[in-house]
Amino acid sequence: MFYSRLLIPTLKEDPAEAEAVSHKLLLRAGMIRKLASGIYNYLPLGLRVLRKVERVVREEMNRAGAQEVLLPAVQPAELWQESGRWQIYGKELLRFQDRHNRDCCFGPTHEEVITDLVRREVQSYRQLPLNLYQIQMKFRDEMRPRFGLIRGREFLMKDGYSFHASEADAEACYQDMYTAYNRIFQRCGLRFKVVEADSGPIGGSFSHEFMVLAETGEDLLASCLACDYAANLEKAEVVVAAANPGAEPLSAAPEEVPTPGVRTVEEVAAFFQITPRELLKTLIYETEKGPVAVLLRGDHEVNEVKVKNLLGVTDMTLAGAGRVRELTNAEVGFAGPVGLHLPIYADQAAAALAEAVTGANKTGHHLVRVNPRRDISITQVADLRTVTAQDPCPRCGTALEILRGIEVGHIFKLGTKYSQALKALFLDEAGQEQYIFMGCYGIGVSRIVAAAIEQGHDAQGMIFPMALAPFQVGLIPISLNDAATKEKALELHAALEAAGIEVLLDDRDERPGVKFKDCDLLGLPLRVVVGPRTLEKGAAEVRHRRRGEIVMVQLEELLSYLQENICQEISG
RNA sequence: CGGGACGUGGCGCAGCCUGGUCAGCGCGCCUGCCUUGGGCGCAGGAGGUCCCCGGUUCAAAUCCGGGCGUCCCGACCA
């Protein structure tokens, strides 16, 4: 391909709107342009990278026995009403009406559509299992799109759904997808971690996320330094040494102390000259099942996902100041569990305190010497807090580290949630009607492009792995005014293309420096330079983008040298 | 959705506080010459409703009000 024929509008300076490295570089390399917040144009080079990712995904999905389909982007509201998600999905679901005023949405995901398709076409266990996937643009009206392709509103996703006659078969498929996903991300050259994920109200322990490790990652994960335990921070368990029912009181009954204006954990700790871990904080939540109180030690952070799962609720928000006043008779900052007429859920560490300071449910007052076991009517004690790097690994007891990751894949055992909602049934061998078991498997294709750049870049620009690079080789003639150089460059270009190598010949009338800079920026793995200096020796100069290593290669050997390097990198 | 910032030729920015002397700089772009191994050099040139609407004023990029857009932080820690 000739550089001059492609639209590659590279930028010398960082665009003001970009913060994340991948976002800056994608814009600078002329791979994407923003149309609106979270909505991007893919220019030729960006599209090439996207297609590379797609190719890897397709190959591995097909290898694993999945079949590709293409479902509609626009979906009728009826299906979503049938599954109940029309009500619960919220503002992320982009809704609109067609000319007949029928409610529609732009698909953020396709469980409804695929389940509808399968319920119409599958009647017998003989037609199962089925594993269908598509690669398609999704739209989620994110409350805050950010970091370019990392969290866009419109994005390319591979979503797959499997259908099974038995739970065991669904689990086997889950394992196959687990394996396929590992292959996909390895082939994309990513450093990633597979973590246990929260499976939400659907239940079951079968959910894993594939996280690309990067500072810009929006997700936090806990990873064991010794064993292979890793979990999303939302999911990561806190273990206590022994089941501790709560310490015996050390001293006399609670006592009320005036604490005017002392509200936050820090202020209370400072006021009483104690550490936050001797405090009990009381969080009041509104849920669809009514208000509840959550008790935590002052130095711990609540894990709302754990609370939601324990309560079996989907909606849960912190109560506002007015509501806190109604429920506790005190201003925010003075809520406490003693005598509080709400269901009280205590984190295990909070419940185990011997003596704590807590709000008195009276503005300007706190209680001291509160013993949870004695003084509080606790509804239930559970693991309700977020792990920290100070906690031990729940599997092996070694230390945990907290890492940041970009979620690029998520596999999920759905069970019969959607088959029940949409009545997707089949007849088993005994002629009995049964709900189809399902699994779903997602990959953020466009997000992988950004994630790969987050992991592969230097001060000069992107560094793509061979499998994702827009071109495998950048061919730079030092000067096109030199007849011999030009002739040799064209000849090499033709020879490489004929050999199936993806080569970008920089035929622009630019100074060499410009071409070098752009070639580095684009992250092409191999750069071949020809010029009077190299031709004198009957050679070309080859530079490896990642290693920075430069070698002179004789022209006769160039083709095989490149082929060897490309093959090695793609497979290795 | 809450908080903050920003909006000036294609891109990056200055000017705004202290209204007029203001539409400017760098990059990019066009023409010519020169140059050709890391974003050359010289000369000439094109290109802007200063986000939009309204107001104040003799006068608004600049002050005021409203809107729109974009980015950042947060959206649990009482």
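Every chain is numbered from 1, with letters handed out A, B, ... down the list of sequences.
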Is there a Watson-Crick or G-U wobble partner for B:C68 with both distances under 3.5 Å, and if so, which one is it?
B:G7
Parallel, tilted or perpendicular for A:His493 and A:Phe2, by the 30°/60° rule?
tilted
Taking the P atom of each, how far is B:G65 from B:A5, in whole Å?
14 Å
Is NZ or CZ of A:Arg95 both nearer than 6.0 Å to the six-membered ring centre of A:Trp80 and within 45° of the ring axis?
no
Taking only the P atom of each, what is the distance from B:G2 to B:U49 in whole angstrom?
34 Å
Separation of the C1' atoms in B:C6 and B:C42, to the nearest angstrom
38 Å
Strictly by Watson-Crick or wobble contacts shorter than 3.5 Å, is anything paired with B:C1, and which nucleotide is it?
B:G74
B:G28 OP1/OP2 closer than 4.0 Å to side-chain N/O of A:Lys12:
yes
With a 3.5 angstrom cut-off on both distances, give the Watson-Crick or G-U wobble partner of B:A46, or none if there isn't one.
none
What distance, rounded to whole Å, do you find between the two C1' atoms, one in B:G3 and one in B:C40?
48 Å
Does B:C33 pair with anything, Watson-Crick or G-U wobble, both distances under 3.5 Å, and if so, with which nucleotide?
B:G41
Distance below 4.0 Å between A:Ser37 side-chain N/O and B:C71 OP1 or OP2
yes
Spell out yes or no: do the side chain of A:Glu301 and the base of B:C77 have one donor N/O and one acceptor N/O closer than 3.5 Å?
yes
What's the gap between B:C22 and B:G28 when it is taken at their P atoms, as a whole Å value?
27 Å
The side chain of A:Phe147 lies closest to which of these nucleotides: B:U36, B:C72, B:A78?
B:C72
Is a donor-acceptor pair below 3.5 Å formed from side chain A:Arg146 to base B:G74, judging by atom type as modelled?
no
In whole Å, what separates the C1' atom of B:G47 from that of B:C52?
22 Å
Tell me which nucleotide among B:U70, B:A78, B:G39 gets nearest to the side chain of A:Glu266.
B:A78
